[in-house]
**Q** 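Okay, handing you the structure first.
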Amino acid sequence: MNKINTHVNATSIDQAVAALGANAAVVAGGTDLYGSLKGMIYPDPPSTLVNIKTIPGLSYITEEGGMLKLGALTKLTDIAESSVVAAKWPALAAAARHVGTLQLRNQGTIGGNICQSVRCWYYRAEHVGFNCLRKGGPLCYMVPGNSERGSAIFGAAGCFAAFPSDTAIPLLALGATVVTNSRSIAMADFYEGLDNVLDDNEIVTELQVPEPASGSKQVYMRWAQRKALDFPEVAVAVVTGSGGTSIVLGGISPVPVKSTGAEDAVSGGISESSATAAGNAAVQGATPLPASDIHMGNKWKVQITKTLVKRALLAVA
Amino acid sequence: MHPEASVTLEIAVHTMAMELGMTPLEFYRKNLVTDDTKNQDNDRAMTSRSPRVCLERAASYIGYESKYHAPGARTLSDGRMHGIGIITHNDRHGNTSEGRGVVVYMNSDGTANFVTGQSNNQVGCNSVGLAVIVAEALGLPFEAVVCSSYGTADQAPDGGSQAGSRGASSNGTAALNAALDIREQMFAFVAGELEVSADDLDARDGVIFVKTDPSKFMTHSDVMSDIDGPIIGFGRSHAERGAIGGGLRKPTQGEEVGYDAYHREGVAAAYEVAVDTETGEVEILDWIHVLDVGRILDHYSAEGQRVSGMWVHYNKTFLWDVKYDPQTGTELHQTHVENKTATHMDIPEPNGDKNTAEALELIDAIGPFGAHGIGEPSAPPGYSALIMAINNALGGEMIKTRPVTPMVILKHLGKA
């Protein structure tokens with residue numbers, strides 16, 4: 001395991017921010033970070049860990065003025081089982097319920113879930129087995145390598161690692177806002193390029209999710225090889241409303257994708273044919289990675305994405 | 001037969017059946033040896049009873065004859081493809097190895113301890129399985145027999161390879177022979193004390209008694225108090241008491257055990273599936289797994305072995321895989337997130353009248369009290385049956401690669 005020189009149990013956001021820097025990492029549930037450190041996947045690992053679990057008042061689920069507010073340290077189990085969330089934001093509850101296992105959901109937080117790193121097996125290779133593009137290396141090894149799982153069909157900046165978060169997908173579809181110690185960021189602007197836009201001295205403190213319009217329907221679907229303990233290879237959230245249908249996809253690019261093409265396809269209403277068209281539109285321009293003699297590539301994700309978009313739309317029709 | 005070989009063989013069997021215009025079930029029925037078939041090398045009977053019984057039970061449970069259809073010919077009302085598969089074979093695992101040993105010691109209070117070189121690795125194969133054999137042969141209650149040492153070459157006789165399939169028949173035979181050695185010594189002493197022939201004696205529940213007059217008896221404890229010197233039994237897994245080379249264990253303790261034939265474990269499995277052709281996902285609608293376990297020594301362990309076979313079927317069919325980087329050969333699935341094994345949410349475990357694993361006690365001709373090993377045989381047939389059910393659902397050229405992941409199915413359908 002990487003050597004940690006400094007461990008700070010922060011008691012306030014200000015103290016946590018003061019301890020942060022370029023070579024520090026925030027620890028909340030730790031379910032992502034500790035695996036990364038144990039596997040020694042980073043060429044320049046953090047030497048300082050800033051524990052924010054010790055900051056009081058960052059775990060809550062409240063509804064205020066039609067706005068769902070989630071403290072950044074709120075456990076995924078609490079969100080999955082919350083009657084408040086289930087009543088008006090069932091897609092978010094469903095996404096939280098799909099994360100990992102019960103033990104992981106008891107430990108993992110909503111703030112961590114939207115900020116987690118990709119699960120690309122080249123990026124995660126132990127002892128920096130592959131110094132990939134994300135780590136300052138020369139290339140994305142998915143492209144010439146084995147891209148059968150955890151890979152994207154829409155690359156970004158040369159990277160084909162797939163975005164693994166469940167909860168970020170409905171949060172984006174629902175128009176959520178990320179609140180940090182220094183600003184508020186619309187989920188639509190929270191991811192850019194290969195990652196989120198948080199600065200080195202920035203910590204997520206709250207998620208705000210607006211109440212869906214009356215009559216709005218929403219659904220979250222995901223595809224994985226296992227029914228538990230698996231990251232979504234493809235995820236889709238659909239939220240209908242008077243302003244149109246919001247369709248967000250996960251697992252097919254390094255960050256979540258709001259599929260405007262798919263949304264346009266159902267602008268006239270959701271039917272079998274328009275849902276099929278939306279599925280096709282969702283993968284328009286995809287560049288799946290090719291198969292080789294020893295692996296399948298990831299063209300199969302195109303088929304799964306089309307199917308999931310269609311089925312999610314028909315589920316809310 | 002190991003799982004991968006089983007699938008390869010069954011692909012050939014199913015291909016032959018289709019070429020001949022037969023269902024796989026009809027093909028099996030026509031080709032399984034009959035009860036009067038003899039091994040041409042040694043003229044011993046080769047029974048087909050065990051595979052046949054298992055096959056017919058699996059076929060009956062799953063409703064194979066009414067549900068079978070040509071590959072790719074049945075679509076369910078929800079648009080998924082229906083498939084059904086059935087497999088049987090005569091598994092040759094669990095044979096009896098020569099030269100394994102067990103030593104049984106009678107204690108002064110009439111209880112017994114034994115030592116074996118076999119590790120206790122199959123959920124109590126020593127502490128339950130061998131203990132049951134020793135207790136039964138000595139006429140002691142189960143709780144009066146304890147495995148006091150195992151798996152250490154300094155203190156125990158050779159236990160053979162530390163593998164599951166041969167323990168019951170090989171080390172079990174050694175345990176039985178060691179216990180019968182003690183039984184002979186104790187019966188000889190009691191016969192002298194009661195002035196009867198040793199052949200007139202029997203033992204049960206810690207008492208050695210005259211069969212025609214049970215009021216005449218000595219307890220095991222009485223014997224150990226009165227006899228001059230220790231009683232130790234030695235047993236080996238061969239020969240004189242009737243394992244391989246010495247004929248069948250027939251009769252043993254006055255009872256005929258085993259059929260006049262040589263076989264190991266007959267096994268059969270059947271799966272019924274629905275395949276989603278848009279996602280490649282397979283739902284197991286129902287399954288049965290039938291094993292001839294010979295004789296159950298430990299119900300808990302036998303149940304675990306039967307049900308856990310299904311986990312192997314599922315994982316080998318859908319999940320267990322090795323992923324490499326094509327350029328460097330580096331293994332890519334370095335954690336259990338990538339190197340996937342099914343969770344309880346994935347596995348359709350036995351549930352009421354659906355999904356069942358059954359044991360048939362058809363009595364092995366060689367193993368102790370008719371038992372034989374069930375280490376490996378629970379894995380192959382169900383694995384093959386599940387893959388054949390998927391092939392039956394999809395039609396077209398048979399999928400021969402493993403695992404049959406949704407990705408493989410989508411590729412088979414031209415969608416990946």
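First the proteins, then the strands, lettered A, B, ... as listed; each starts at 1.
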**Q** If you compare all heavy atoms of B:Tyr324 against all heavy atoms of A:Ile294, which two are closest, and at what distance to 0.1 Å?
**A** O-CD1, 3.8 Å
**Q** Drop me the distance from A:Glu148's CD to B:Leu332's CG, to the nearest 0.5 angstrom.
**A** 10.5 Å
**Q** Heavy-atom distance under 4.5 Å to chain B: side chain of A:Arg149, backbone, both or neither?
**A** side chain
**Q** So what's closer than 4.5 Å to chain A heavy atoms on B:His344: side chain, backbone, both or neither?
**A** neither
**Q** Quick check on the structure: residues of residues 406-416 of chain B within a heavy-atom distance below 4.5 Å of chain A, by number.
**A** B:Pro406, B:Met407, B:Val408, B:Leu410, B:Lys411, B:Lys415, B:Ala416
**Q** Compare every heavy atom of A:Arg226 with every heavy atom of B:Val337, then report the nearest pair and how far apart it is.
**A** O-NH2, 3.9 Å
**Q** Any idea which of A:Arg124, A:His295, A:Glu126 has the most non-hydrogen atom pairs under 4.5 angstrom with chain B?
**A** A:Glu126
**Q** Where along residues 66-74 of chain B does a heavy atom come under 4.5 Å of chain A, listed by residue number?
**A** none
**Q** Using heavy atoms and a sub-4.5 Å threshold, report which of residues 303-323 of chain B line up against chain A, by residue number.
**A** B:Phe318, B:Leu319, B:Asp321, B:Lys323
**Q** Is chain A contacted by the side chain of B:Glu338, its backbone, both, or neither, given a heavy-atom distance below 4.5 Å?
**A** both
**Q** Decide yes or no on side chain to side chain contact (heavy atoms under 4.5 Å, CB included) for B:Thr328 and A:Phe130, but give the supporting numbers first.
**A** CA-CA 10 Å; B:Thr328 64; A:Phe130 296 89; 3.7 Å; yes
**Q** Heavy-atom cut-off 4.5 Å, strictly under: side chain, backbone, both or neither for A:Arg119 against chain B?
**A** both
**Q** Could you tell me which non-hydrogen atom of A:Pro144 sits nearest to which non-hydrogen atom of B:Pro326, and how far apart they are?
**A** O-CG, 3.9 Å
**Q** Using a 3.5 Å distance criterion without hydrogens, assess whether the side chain of A:Gln303 forms a donor-acceptor pair with backbone atoms of B:Thr279.
**A** no
**Q** For the OH atom of A:Tyr141 and the OG1 atom of B:Thr330, what is their distance to the nearest 0.5 Å?
**A** 10.0 Å
**Q** Counting N and O atoms only, with roles assigned by atom type, does the side chain of B:Asp325 sit under 3.5 Å from a partner on the main chain of A:Gly145, one being a donor and the other an acceptor?
**A** no
**Q** Given the options B:Gln334, B:His336, B:Lys340, B:Met345, which has more heavy-atom pairs under 4.5 Å with chain A than any of the others?
**A** B:Lys340
**Q** Among A:Lys227, A:Lys306, A:Lys299, A:Lys301, who wins on heavy-atom pairs under 4.5 Å with chain B?
**A** A:Lys227
**Q** Check whether B:Glu281 gets within reach of chain A through its side chain, its backbone, both or neither, counting any heavy atom under 4.5 Å.
**A** side chain
**Q** Which of residues 384-393 of chain B get closer than 4.5 angstrom to chain A, counting heavy atoms alone?
**A** none
**Q** Counting only non-hydrogen atoms closer than 4.5 Å, does A:Lys310 touch chain B with its backbone (N, CA, C, O), its side chain (CB onward), both, or neither?
**A** side chain
